[in-house]
Each structure stands twice: as C-alpha cells, then as structure tokens.
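For reference, the structure is listed below as structure tokens.
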Amino acid sequence: MLDIKVIRENPDKVNELLKRRNAELSINEVLEIDKQRREVQGKADNLRADRKNISQQVGVLKKEGKDTTEIQENVRKLGEEIKGLEEKELEFNEKQKTLLLNIPNTPDETTPVGHDESANTVIKTVGEVPQKSFEVKAHWDIGTELDLLDFERGVKISESRFTIYKGKGARLERAIINFFLDVHTTDHGYTEILPPYLVNSASMRGTGQLPKFAQDMYKCEEEDLYLIPTAEVPVTNIYANEILNEEDLPKYMAAYTPCFRREAGSAGKDTRGLIRQHQFNKVELVKLCTPEDSPEEHEKLTRNAERMLELLELPYRRIELCTGDIGFSAQKCYDLEVWLPSSECYREISSCSNFGDYQARRAGIRYRSKLSGKPEFLHTINGSGLAVGRTFAAILENFRQEDGSVLIPKVLQKYFGAEVIKK
RNA sequence: GGAGGAGUGCCUGAGCGGUUUAAAGGAACGGUCUUGAAAACCGUCGUGUGGGCAACUGCACCGUGAGUUCGAAUCUCACCUCCUCCGCCA
C-alpha cells in the first residue's frame with residue numbers, strides 16, 4: 001500500500017512512477033476521495049468534541065440536582081447528526097482503503113523503464129551452456145524413463161498439473177529441499193521456518209495477493225483460509241501488526257513449503273513437465289530490514305539464491321525486470337533463470353524482490369527507529385532459494401549423460417545417497 | 001464439541017457509567033553524580049488520523065463488531081483469541 005501522505009504531497013511524482021508500470025494507472029481518484037474524507041472527518045471531529053463537552057456538563061449539573069432533560073434531548077439530536085457523519089466517514093475510509101489496496105507499488109528509481117518483458121535487462125550470465133553431442137531430452141521424458149515421475153497417475157488422482165514423484169525421484173526432490181535449507185541456515189544465516197500452509201485473508205492482503213489476485217489462489221469453502229501460493233505469505237506476515245526493535249533487524253528467514261497456484265489464465269502454457277504445476281515445492285528466503293539497509297540486503301539475498309545454482313553447477317543468468325514486468329507489490333526485482341537444454345532457453349527459477357515498505361504498510365510491520373524513536377514501517381525482501389521442481393527439471397536435463405543416466409551434482413550426493421541415477 | 005475464566009500501551013498491571021487527560025511499576029531514551037560503569041535521583045516517554053510553517057492542538061483507539069445511554073475501557077449481544085477442566089482424536 002502506498003502512503004496516502006506521500007500521494008497527497010507528491011501527486012505528480014507518484015503518478016509519473018506508476019505510469020512507468022502502466023500508462024492507465026492514476027492516483028487522481030484516491031486523491032479526490034481523500035479530500036472528501038478529510039472534510040467529513042473534520043466536521044465529525046468538531047461535533048464529537050461538542051458532545052463530549054456538553055455530556056460532561058450534564059454530569060456536573062446532575063450532581064448539583066439540576067434538571068437536564070432539555071440538554072439531554074439536544075445532545076441526543078447531536079448524536080444522530082454525528083451518526084450520519086460517521087457512516088459517511090466509514091464509507092470514505094473504506095473507499096479509500098479499497099483504492100489504495102488496488103494501487104501497485106511504485107517502481108524503484110533504478111528499475112529500468114519498459115513496457116513488457118522485452119525490456120528486461122540481462123545483468124550477468126554464469127556457467128557454460130552444455131554442448132551435447134547426443135540427443136537432448138526433456139525432463140518429463142527423462143523422469144518417466146527413469147521411473148522418477150508419474151505424470152499420468154498424478155492427473156488421475158488429482159487433475160492436470162499434478163505430478164507424482166516416486167522412488168529416486170521423490171528422494172531427489174527431498175535431497176534438493178534439504179540441501180537448500182542447510183546452506184541457507186548454515187552458511188547464509190537464515191532462521192528456518194516451517195509455517196502453516198493455509199493462511200487467512202488478512203495475511204493474503206498483507207503481502208498483496210488480495211484483493212487483486214483472488215482468482216490465482218485456492219480458497220477453502222467453509223473457512224476464511226487460502227492455500228499459500230508461496231511461503232512469502234505466511235513468513236512475511238509472522239510479524240504483522242507488531243513493532244520490532246531496531247536491534248532485532250535484519251531478520252533472515254528461510255522456509256520450505258509446497259506452493260499452490262490455480263494458474264488461471266495460463267491454460268495451454270507449459271502443459272508438459274514440472275515447469276508449471278498447481279502444487280510445487282519451494283524454499284523461500286524472506287528478510288525484514290530497515291529502509292537504509294534494504295538495497296544492500298536485496299543484493300545479498302539475490303546472491304544467496306545464485307549461490308545455490310553455482311553449487312549445483314547449473315548455468316544461469318540474472319536479469320533485472322523492467323517497470324512493466326515487476327510484480328504488483330515489488331519496487332525492484334531480479335529474476336534468476338536456469339538453462340533448460342530441451343527448450344534451449346533460460347527459465348525462471350527464482351524471483352528476488354525488494355518491496356520497500358509497501359507490504360509492511362499493508363501488513364502493519366514496523367520497527368522502532370533508533371534515530372526518530374518512532375515506529376516506522378520496515379522493508380521486506382524475498383526471493384526463491386530456489387524453486388525445487390524447476391531445479392529438479394534442470395538437473396535431469398543438464399546432467400543427463402549419453403547412456404541415459406543422470407549424474408547427481410556433487411553437493412547433492414550426500415543428501416541423495418548416490419552419484420548417479422540409472423535405469 | 002461442552003462447561004468455566006480472561007483479553008487494557010513496548011512489557012507487567014490498576015481502573016468496572018461522569019475532570020480518565022487510562023493510575024502505578026518495569027523497559028527505553030535524555031540528564032545529574034562518577035576516572036568509567038552500576039546504583040540513586042531528576043526529566044521524557046502509547047498508537048492512528050486530522051488542523052497548523054511551527055510551538056501547539058482536535059478527534060478516535062482499552063481483542064473485533066454491533067447495541068444501550070446525554071455520556072462507555074466500564075453495561076448488553078455476537079464473534080475471535082488465549083487459559084483451565086471434560087469429551088473426541090493423529
């Protein structure tokens with residue numbers, strides 16, 4: 001959520017930044033509502049002050065044994081007037097809140113300006129793209145041949161975009177999860193979190209999934225609960241509506257969770273394989289930090305994610321998303337993309353975003369600033385470290401040998417318990 | 001699921017219809033003292049939202065939402081959460 005005070009004081013600046021995302025966006029409507037809202041509030045405040053003073057007088061007069069029926073009747077009428085204004089006040093408040101909740105974050109000044117993904121910039125490319133002398137296969141074929149994945153029966157017991165991992169496949173998935181968690185908690189200083197996989201609507205609003213993206217999520221019919229689309233939601237909201245001490249920052253948290261996404265609107269896209277599933281595993285990195293530290297913490301978090309690809313010896317590149325392509329709540333975002341030989345392209349395997357105070361304001365996550373002594377909204381940062389299913393796919397494709405076996409990356413061998421997967 | 005009890009500021013905790021402007025203590029911050037620190041003493045100290053260049057000031061907020069009343073932290077109702085006991089259960 002953007003700060004209404006910032007919008008009020010720098011409307012042109014905010015409008016200009018939002019237009020970098022999308023020319024349609026404007027804060028003019030919310031400014032109009034804000035003006036009306038403040039007007040009503042002023043009137044209501046004055047009347048409430050009157051009522052308070054007169055009611056206090058009633059108390060005094062009654063003690064003196066005087067008759068107050070006429071005054072009481074007048075105050076009762078005043079109360080009715082106040083009630084009318086308060087209804088208006090509430091209406092404007094909610095209208096303003098709704099508008100604000102639907103306005104995306106303003107992009108960071110350093111985010112490259114562009115209309116769509118074609119304007120994203122490649123920051124760096126790491127690792128050699130393997131040149132194979134033999135036939136390259138897609139991970140769904142490799143996984144099926146080696147009896148690691150069962151796509152058909154996954155569909156049978158659920159529906160399309162659900163897959164069963166079995167035997168060595170299930171073991172490899174688990175090995176990747178454990179490897180990621182171990183490195184982040186041991187080498188990178190993150191605290192491991194195992195959060196709930198169902199969260200309420202307030203949490204979804206806090207990180208920005210609601211109200212705009214309700215159709216992307218699975219919702220429980222009977223309760224106010226949603227399946228998490230990413231661990232970002234429960235983990236970021238852990239400190240919702242709290243005031244932390246500045247000494248407790250930064251907070252580094254790492255969480256493995258399954259993620260559930262309806263993928264509404266991606267019908268026909270990546271229908272084969274593990275790339276786009278309704279349920280997938282991910283290890284997510286989340287940081288809470290002061291505004292001063294957030295650019296540096298964002299870079300460090302992205303480096304933490306990149307290190308996973310480097311340790312796994314997977315070729316990748318880092319791109320910076322342009323203003324037209326960054327997520328709704330983000331102000332700056334890097335994507336890490338891993339090389340997938342079968343499709344001869346880089347595919348997203350991690351998305352590392354700095355949200356500034358946008359999520360913190362929505363979720364009410366503050367810290368007491370040493371400098372001002374006042375509670376201030378902190379900054380939130382998160383990124384995948386990494387998407388497990390896509391890592392699985394990348395390993396199968398990049399490490400497949402001519403005889404059809406798949407080598408296990410060195411760092412995973414002790415987790416997996418073998419050096420190679422053969423038929 | 002059933003029966004009781006409880007939710008007050010950063011924390012503990014008083015207040016249970018009317019100068020409450022939410023007591024008191026702790027923590028925190030500033031100061032005095034000290035070679036330095038501790039202790040002691042003095043002072044500052046809730047959040048949100050308006051008005052004002054500012055000093056300052058209005059209003060709201062006592063789990064959430066409705067209601068009663070001239071007036072609600074205080075009374076009523078519903079809901080949420082936590083605690084105790086019972087039942088069920090991996």
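Chain naming here is simple, since letters A, B, ... match the order of the sequence lines and numbering starts at 1 in each. Every heavy atom of this structure was used, including side-chain atoms; hydrogens, water molecules and symmetry mates were not.
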What's the gap between [N] and [M] when it is taken at their [atom1] atoms, as a whole Å value?
| N | M | atom1 | value |
| --- | --- | --- | --- |
| B:G46 | B:G26 | C1' | 15 Å |
| B:A73 | B:G65 | C1' | 16 Å |
| B:U69 | B:U76 | P | 15 Å |
| B:G67 | B:U19 | C1' | 27 Å |
| B:C82 | B:U8 | P | 14 Å |
| B:U44 | B:A22 | P | 16 Å |
| B:U74 | B:G15 | P | 15 Å |
| B:C77 | B:C85 | P | 27 Å |

Between A:T185 (side chain) and A:D182 (backbone), is there a donor-acceptor pair under 3.5 Å?
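Flag set: sc A:T185 to bb A:D182 pair under 3.5 Å.
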Under 3.5 Å, side chain of A:T323 to main-chain N/O of A:G114, donor-acceptor pair present?
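Confirmed, A:T323 side chain pairs with A:G114 backbone.
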When we call it a touch if two heavy atoms are under 4.0 Å apart, what does A:K77 touch: a base, just sugar-phosphate, or nothing?
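No contact.
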When all nucleic acid strands are considered with a 4.0 Å heavy-atom cut-off, which category describes A:K52: base, sugar-phosphate, or nothing?
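Result for A:K52 = sugar-phosphate.
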Pairwise 5' ranking along RNA chain B for A:V75 and A:S55, keeping only the more 5' one
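Of the two residues, A:S55 wins.
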Comparing A:N53 and A:R76 on RNA chain B - which has the more 5′ nearest nucleotide
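Going by which nucleotide is closer to the 5' end, it is A:N53.
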My understanding is that only one of A:H278, A:R262, A:R261, A:Q279 makes a side-chain hydrogen bond (donor to acceptor under 3.5 Å, both in side chains) with A:Y218; could you say which?
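Answer after filtering A:H278, A:R262, A:R261, A:Q279: A:H278.
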Euclidean distance, atom [atom1] of residue [X] to atom [atom2] of [N] [Å, nearest integer]:
| X | N | atom1 | atom2 | result |
| --- | --- | --- | --- | --- |
| A:E73 | B:C70 | CD | C1' | 10 Å |
| A:N74 | B:G71 | CG | C1' | 15 Å |
| A:N245 | B:A28 | CG | C1' | 9 Å |
| A:L85 | B:A60 | CG | P | 13 Å |
| A:L47 | B:C70 | CG | P | 18 Å |
| A:Q56 | B:A72 | CD | P | 11 Å |
| A:I71 | B:U69 | CD1 | C1' | 16 Å |
| A:E246 | B:C29 | CD | C1' | 14 Å |

Are side-chain heavy atoms of A:V199 and A:L225 found at a separation under 4.5 Å?
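No; the side chains remain at least 4.5 Å from each other.
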What base-paired stems does RNA chain B take part in, with at least 3 consecutive Watson-Crick or G-U wobble pairs and both distances under 3.5 Å?
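Expected stems, ordered by start: B:1-7 with B:80-86, B:10-12 with B:24-26, B:28-32 with B:40-44, B:46-51 with B:56-61, B:63-67 with B:75-79.
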Parallel under 30°, tilted from 30 to 60°, perpendicular over 60°: which one fits the rings of A:F180 and A:H184?
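The arrangement is tilted - the two ring planes meet at 30° to 60°.
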Parallel, tilted or perpendicular, judged at 30° and 60°: which one describes the rings of A:Y190 and A:Y252?
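Judged by the thresholds at 30° and 60°, the geometry between A:Y190 and A:Y252 is tilted.
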Output one line per pair: protein atom, nucleotide atom from nucleotides 46-52 of chain B, and distance, for all N/O pairs under 3.5 Å.
residue : atom : partner : partner atom : Å
B:U47   : O3'  : A:R366  : NH1          : 2.9
B:G48   : OP1  : A:R366  : NH1          : 2.8
B:U49   : O3'  : A:R37   : NH2          : 3.0
B:U49   : O2'  : A:Q41   : OE1          : 2.7
B:U49   : O2'  : A:Q41   : NE2          : 3.1
B:G50   : OP1  : A:R8    : NH1          : 3.1
B:G50   : OP1  : A:R37   : NH1          : 3.4
B:G50   : OP1  : A:R37   : NH2          : 2.7
B:G50   : O5'  : A:R37   : NH2          : 3.2
B:G51   : OP1  : A:R38   : NH1          : 2.7

Output field: ring centroids A:Y367/A:F377 closer than 6.0 Å:
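No, the ring of A:Y367 stays outside the 6.0 Å limit from the ring of A:F377, centre to centre.
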Aromatic contact, A:Y358 with A:H379 (centres under 6.0 Å):
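That pair fails the under 6.0 Å test.
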In terms of side-chain geometry, is the basic nitrogen of A:R307 or A:D187 positioned less than 4.0 Å from the acidic oxygen of its partner?
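Answer for the salt bridge query: yes.
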A:N398/A:W339 under side chain to side chain contact (heavy atoms under 4.5 Å, CB included): CA gap, chis, key distance, verdict:
CA-CA 8 Å; A:N398 282 283; A:W339 178 255; 3.6 Å; yes
